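Have a look at the structure below, then the notes.
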Number of protein chains: 2
Amino acid sequence: MKTYREENYLKAIYQLASHDKTRTVSPTDIAHWLELKPPTVLEKLGILVKKGLVTYNKFDGAKLSPKGNEVALNIVRRHRIWETYLYKQLKFSWSEVHEIAEQLEHVNSEKLIDRIYDVIGRPDFDPHGDPIPNKQGKLPKSDRRPLSESIKGCKCVVLGVSEHSELFLNYLTELNIRLNDKLVVEQINSYDDTLKLSSKNNETVLMSSKAAQQIQVQCVKPNCACK
Amino acid sequence: MKTYREENYLKAIYQLASHDKTRTVSPTDIAHWLELKPPTVLEKLGILVKKGLVTYNKFDGAKLSPKGNEVALNIVRRHRIWETYLYKQLKFSWSEVHEIAEQLEHVNSEKLIDRIYDVIGRPDFDPHGDPIPNKQGKLPKSDRRPLSESIKGCKCVVLGVSEHSELFLNYLTELNIRLNDKLVVEQINSYDDTLKLSSKNNETVLMSSKAAQQIQVQCVKPNCACK
DNA sequence: ACATAAAATTAGGTTACCCTAATTTAGAGT
DNA sequence: ACTCTAAATTAGGGTAACCTAATTTTATGT
């Protein structure tokens, strides 16, 4: 339990890297993410480098080593398993589970994780729609992509969200968009990429490009023009 | 979660005090219990005193203030609720739950504790037989007392144990003594207080006074001569 | 009462994490 | 190339929790 700060650094690097794969993960990014200051992060990066969990230089930023990646994915695994357990077994709401799972993910008992993973039926995805890595740190396959990459006419199903803030989740609730909902992209505004969507019950909603980037979907038709 | 060390100090003081109510809780006792060194404990005691959670002087030892007691009992509550949950819901063995509950007890979510407490049926006692304090820090009533206080001929039922080490729990398993077993005290050796006990299925076992002190029982007959 | 063992306390040090306030280095625009 | 800004880094501290090695008290046995 004393190593939970280290776990949080590794998880942060993982999350920042997967959030935007094009940019490097800078000390400033990590500091912002963990609500710390850059010198603090820099210091810790030095320690993580020495431990062989991370590589760092100012041009490439921080990168997880294979060992660091394994640790990070294990935490992600625990987090998502707990989220699912809280949601499915203990009837917490979608927006409540994250904060509690942030704590539970650091509880060190493989047997406990195995047990609750069994109870929830060993799913590949958590209630947010995020993939649950296996023990070896491998992610299950899927064709998930951001809704923002859809083209006009695409019919797709909501698999998850990339942002888990209450603000965002409540925003989706207001738009009446839920996990597994099917959406049709009616129009894409060519000026600001705002999407006009219609959902199953023929409600039509407008969604900003910013929000659409955070929604993970999969095309319903296997030969959909979206790639 | 960062305050878990403090929680552990308070819990240690509580446990040491309830373990032997006659003796004072010394820094050395606490150090031994938490696997720390006396100066470390002394330093922390100063902080706890300053925070109004504990009183301390070398003659009376460490004592929980009302506020400190409330915090300690809340941790005990969480610990025992988790133990029960792990045992009853997640099918962990009696000897496994303690270690995991040691970690889970520090997870800070009243709603989570409430939820799992509901799931296990809001019991007054945990699977060890230990009482679960309510939210106000009150312990449920019972006539529990150590088996070592029994007199010859007493018939009593095992409600719990005061020691939770694997060593001790395995010892009980070997003697084939379980929670809720009924025992009859056949003889008490007047030299070393060793007990000769017979259990329901007429097995006879010898038990040291040391072990008997750790077993909590209740007389079966309301007018039993044990007091 | 006195030696001696044990416990409490003091002194001084370490490591992990976190900070603010410079300073240096990169990057971006002109 | 030059300037200006933002990011990275260095310098210098602080606190919490630990520790070991004295030193001082307190208890204890004879």
Side-chain angles (χ1 to χ4, degrees), chain A residues 1-13 15-17 19-20 22-64 68 71-72 75 102-103 105-106 108, chain B residues 1-13 15-17 19-20 22-64 68 71-72 75 102-103 105-106 108:
Chain A
M1 191 90 88
K2 100 192 64 164
T3 135
Y4 78 97
R5 286 160 214 262
E6 192 157 299
E7 291 181 340
N8 279 151
Y9 276 98
L10 296 173
K11 190 174 58 142
I13 295 169
Q15 289 173 327
L16 288 167
H19 192 269
D20 180 349
T22 61
R23 237 192 29 232
T24 63
V25 177
S26 69
T28 306
D29 291 338
I30 299 171
H32 187 72
W33 189 255
L34 295 178
E35 297 183 87
L36 297 171
K37 302 297 172 185
T40 304
V41 171
L42 203 62
E43 185 184 43
K44 186 68 185 178
L45 281 179
I47 293 166
L48 293 174
V49 166
K50 215 175 294 172
K51 288 193 178 181
L53 295 165
V54 162
T55 59
Y56 174 72
N57 67 60
K58 84 180 79 167
F59 303 108
D60 302 326
K63 284 196 164 83
L64 294 171
V71 175
I75 302 155
E102 282 289 303
Q103 295 185 61
E105 72 191 8
H106 300 294
N108 181 35
Chain B
M1 190 90 86
K2 97 192 70 166
T3 135
Y4 79 98
R5 288 161 212 259
E6 192 157 299
E7 292 181 342
N8 279 152
Y9 276 97
L10 296 172
K11 191 174 60 144
I13 296 169
Q15 288 173 327
L16 288 166
H19 191 267
D20 180 349
T22 64
R23 234 188 37 230
T24 62
V25 177
S26 69
T28 307
D29 291 339
I30 299 171
H32 187 72
W33 188 255
L34 295 177
E35 298 183 87
L36 298 171
K37 301 299 173 185
T40 304
V41 171
L42 203 63
E43 185 183 44
K44 185 67 185 180
L45 281 179
I47 293 166
L48 294 174
V49 166
K50 215 175 292 171
K51 287 192 177 181
L53 295 165
V54 162
T55 60
Y56 173 72
N57 67 61
K58 84 179 78 167
F59 304 108
D60 302 325
K63 285 196 163 84
L64 294 171
V71 176
I75 301 153
E102 281 290 302
Q103 294 186 62
E105 71 190 8
H106 300 294
N108 181 35

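Naming: A, B, ... by sequence-line order, numbering from 1 per chain. Since we're looking at a predicted model, the values are computed, not measured.
In this view, B:K51 and B:E6 satisfy the salt bridge (Lys or Arg N to Asp or Glu O under 4.0 Å) rule, not counting sequence neighbours. Partners of A:K58 by side chain to side chain contact (heavy atoms under 4.5 Å, CB included), not counting sequence neighbours, listed by chain and number: A:Y56.
Between the P atom of D:dA6 and the CG atom of A:D29 lies a distance of 15 Å, rounded to the nearest Å. Spacing between atom CD1 of B:I30 and atom P of D:dC18 amounts to 13 Å, rounded to whole angstrom units. We find that CZ of A:R23 is positioned 15 Å from P of D:dA6, with the value rounded to whole Å. The distance from atom CG of A:N8 to atom P of C:dC18 is 9 Å, rounded to the nearest whole Å.
Residue B:T28 places none of its side-chain N or O atoms closer than 4.0 Å to OP1 or OP2 of C:dA6. For D:dC18, the OP1/OP2 oxygens have a side-chain nitrogen or oxygen of B:Y9 closer than 4.0 Å.
The shortest side-chain heavy-atom distance between B:I13 and B:L45 falls under the 4.5 Å cut-off. The side-chain heavy atoms of A:K11 and A:N8, taken from C-beta on, include a pair separated by under 4.5 Å. At least one side-chain heavy atom of B:L64 sits less than 4.5 Å from a side-chain heavy atom of B:V54.
Taking every heavy atom of both residues into account, B:Y9 and B:T40 meet most closely at OH-CG2, 3.7 Å.
Contacts with DNA chain D (heavy atom under 4.0 Å) in residues 53-61 of chain A: A:Y56, A:K58, listed by number. Residues of residues 33-48 of chain A having a heavy atom closer than 4.0 Å to DNA chain C, listed by number: A:L36, A:K37, A:P39, A:T40, A:E43, A:K44.
Atom CD of B:Q103 is separated from atom OH of B:Y4 by 9.5 Å, given to the nearest 0.5 angstrom.
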Listed pairs under 3.5 Å, donor-acceptor, residues 28-36 of chain B side chains, sequence neighbours left out:
residue: B:D29; atom: OD1; partner: B:S26; partner atom: OG; Å: 3.3
residue: B:D29; atom: OD2; partner: B:S26; partner atom: N; Å: 3.2
residue: B:D29; atom: OD2; partner: B:S26; partner atom: OG; Å: 3.1
residue: B:W33; atom: NE1; partner: B:Q15; partner atom: OE1; Å: 3.1

